[in-house]
Every structure is written in C-alpha cells, then in structure tokens.
Amino acid sequence: MDQPAFTVSSGAPAEPRGEAETAVYHFLDSLGIEYLRIDHPPVHTMEDCADIDRALGGEICKNLFLCNQQKTRFYLLMIQETKAFRTKDISKQLGVSRLSFGTPEDMERLLHVSPGAVTPMALLFDSAREVQLVLDRDLLSGQYLGCHPCVNTASIRMSMADFLTRYLPAVHQTPAYVTIPAPSENA
C-alpha cells in the first residue's frame, strides 16, 4: 500500500484558514517559534496520524480533554501515542477521585476546539486558566512535539524545548507531570 504524499511546509500557510487555526500560527510566529506544518485530510485516530508522524519526523502525541466527576476541574492530558489512558493511573497522581472525558460543549467553551482536534495549542484560548495541562513525563525525552493547530486537517511539529520554555510560559501554563505506564507495564 502506498504512503500518502505530504508536503511539509515551514510556518503559516499563505491561504486563509479558520480563526482558531490562524490564531495558533500568529501566536507561534509572535513568539519566534519555528515549526513545520502539514495539511492533510481529517484524522480521527492515532492510527490515522502514522503517515503524518513519518512525514514530520516526529511523533504526534495523544491529547485528551478530561474533567473531574463534578465537572469543576478540567485537564488536558498529553501522552505518548502508544500509551493507553487509564483513569486510575492519572487520578491518584493528580489527587482527583475520578476522571472522565470532558464534554464537547466544555471543550468548545474552554479551548475553542471540537473532538478530534484537541491540542495544547488551544491553551492560548483558555484566558481564565480553567484547564490544567498534564504531561506524561516520557514526552520530555522527545526532541519534538507534534500536534494539531486546533483543527484535525493540519499538524505541526516544534521543538520540545520551545514548547516547554517559550509556548507554555506565554499561555501561563505550568504543567502537572504524571507517569503513565508503558503498554507492556499495563499487561
């Protein structure tokens, strides 16, 4: 089976895009963060991202929008694409009795994204800082971070160093760190 051909571009696209996606590019550009970009058909699963990962030369991480049982605390969990989310692995480390997936309505209200496009880039819209970023410690060993720019029809790659030292401070986020077992440790 042939791999799809993707064009890897540097920086923002020349053609107009949606408001949230455009805001991401402008924000990254204003911070002087270099990034690569690929436009692609809509992706809905991590398997759909495999060819994009290869084209970008990095791994797109899994991003999950979560909340506590009372829906008073919200989290954006970033984990390696090969790892599985198990609420017991995360809840205890965060001191939360039970985590579940947040609603699409809360996702749109807080992050201006819809299911399938959850991304740490959406934290720039969380001006009230209602969403806590949670990072799997194993992500820190990667040289690059791959994610969507608030749409699931494009993907970007930036250095992990820029993400941690430039992007997160600019969106006023101090992540919580968790350890998520590798797939072999969950068996």
Heavy-atom closest pair (P13 atom, Y25 atom, distance to 0.1 Å) is CD-CE1, 3.3 Å

May I ask whether V151 and M121 are part of the same hydrophobic cluster, defined by side-chain heavy atoms of I, L, V, M, F, W, Y residues being less than 4.5 angstrom apart, directly or through others? no

Is R129 salt-bridged to D126, going by a charged N under 4.0 Å from an acidic O? no

Would you compute the distance between atom CG of L135 and atom CD1 of I180 and round it to the nearest 0.5 angstrom? 9.5 Å

Cation-aromatic face contact R137/Y177, 6.0 Å, 45 degrees: no

Test item: L76 and V134 side chains (from C-beta on) under 4.5 Å apart, heavy atoms: no

Do L139 and M160 have side chains that approach each other closer than 4.5 Å (heavy atoms only, starting at C-beta)? yes

Heavy atoms from other residues, nucleotides or ligands near CZ of R98 exceed 12 (cutoff 6.0 Å): no

Distance, nearest 0.5 Å, that separates CG of L66 from OG1 of T87: 7.5 Å

Taking everything shown except E130 itself, do over 12 heavy atoms lie less than 6.0 Å from its CD? yes

So do M107 and P115 actually touch side chain to side chain, heavy atoms under 4.5 Å? yes

Near E19 CD, under 6.0 Å, is it more than 12 heavy atoms from other residues, nucleotides or ligands? no

Quick check against the 3.5 Å criterion: does R17 have a side-chain atom that pairs as donor or acceptor with the backbone of A12? no

Could you give me the CA-CA distance, side-chain angles and deciding distance for V43 and H148, then say whether side chain to side chain contact (heavy atoms under 4.5 Å, CB included) is met? CA-CA 10 Å; V43 292; H148 296 308; 3.5 Å; yes

Would F27 and V171 count as a side chain to side chain contact (heavy atoms under 4.5 Å, CB included) if you check the C-alpha gap in whole Å, the side-chain angles of each, and the deciding distance to 0.1 Å? CA-CA 10 Å; F27 192 73; V171 295; 3.7 Å; yes

Spell out, yes or no, whether L28 and L36 are grouped together once hydrophobic residues are joined by side-chain heavy atoms under 4.5 Å, including indirect joins. no

With distance as the sole test, does T119 use its side chain to make a donor-acceptor pair with the main-chain N or O of C147 at under 3.5 Å? no

Check: L111 and V131 side chains under 4.5 Å, non-hydrogen atoms: yes

Taking the side chain from E21 and the backbone from T153, do they hold a donor-acceptor pair closer than 3.5 Å? no

Calculate, to the nearest 0.5 Å, the distance between atoms CG and CG belonging to L110 and L123 respectively. 10.5 Å

Ring pair (Phe, Tyr, Trp, His ring centres under 6.0 Å): which pairs involve residues 104-126, sequence neighbours left out? H112-F125

Once rounded to the nearest 0.5 Å, what's the spacing between atom CG of L145 and atom CD1 of I156? 7.5 Å

Counting C-beta onward and ignoring hydrogens, is there a side-chain heavy-atom pair between P104 and S114 closer than 4.5 Å? no

Are the side chain of Q93 and the backbone N or O of A176 linked by a donor-acceptor pair below 3.5 Å? no

To check you understand the geometry: which heavy-atom pair defines the closest contact between Y75 and C67, and what is its length? CD1-CA, 4.4 Å

I need the minimum non-hydrogen distance between T165 and P169, along with the two atoms involved. O-CG, 3.4 Å

Sidechain-backbone polar pair: Q143 side chain, S159 backbone, donor-acceptor under 3.5 Å: no

For a 4.5 angstrom cut-off between non-hydrogen side-chain atoms, does T22 reach P16? no

According to ring pair (Phe, Tyr, Trp, His ring centres under 6.0 Å), does anything in residues 92-111 pair up with another residue at least two apart or in another chain? List the pairs. F85-F101

Are more than 12 heavy atoms, taken from residues, nucleotides or ligands other than E34, located less than 6.0 Å from that residue's CD atom? no

Side chains of S155 and H40: do they bring a donor and an acceptor to under 3.5 Å? yes

Hey, are the side chains of F163 and P120 touching, using non-hydrogen atoms and a 4.5 Å cut-off? yes

N/O donor-acceptor pair under 3.5 Å between N68 side chain and R73 backbone: yes

Does a side chain donor of either D138 or S141 reach within less than 3.5 Å of an acceptor in the other side chain? no

With side-chain contact (heavy atoms from CB on, under 4.5 Å) as the test, pick out the partner of I90 among L99, I79, L64. L99

Does a donor on one side chain sit under 3.5 Å from an acceptor on the other, for Y35 and R37? no

Do the non-hydrogen side-chain atoms of Y167 and L124 ever get within less than 4.5 Å of each other? yes

Rounded to the nearest 0.5 Å, what separation is found between the CZ atom of F65 and the CD atom of E108? 10.5 Å

Taking all non-hydrogen atoms of both residues, which atom of M78 and which atom of C61 are closest, and how far apart? CE-SG, 3.5 Å

For residues L56 and R157, report the shortest heavy-atom separation together with the two atoms involved. O-NH1, 2.7 Å

So CD of Q132 and CG of L77: to nearest 0.5 Å the spacing works out to 11.0 Å

Pair D136 + K62: basic N to acidic O under 4.0 Å: no

Trace of the side chain to side chain contact (heavy atoms under 4.5 Å, CB included) decision for S97 with S91: CA-CA 6 Å; S97 62; S91 296; over 6 Å; no

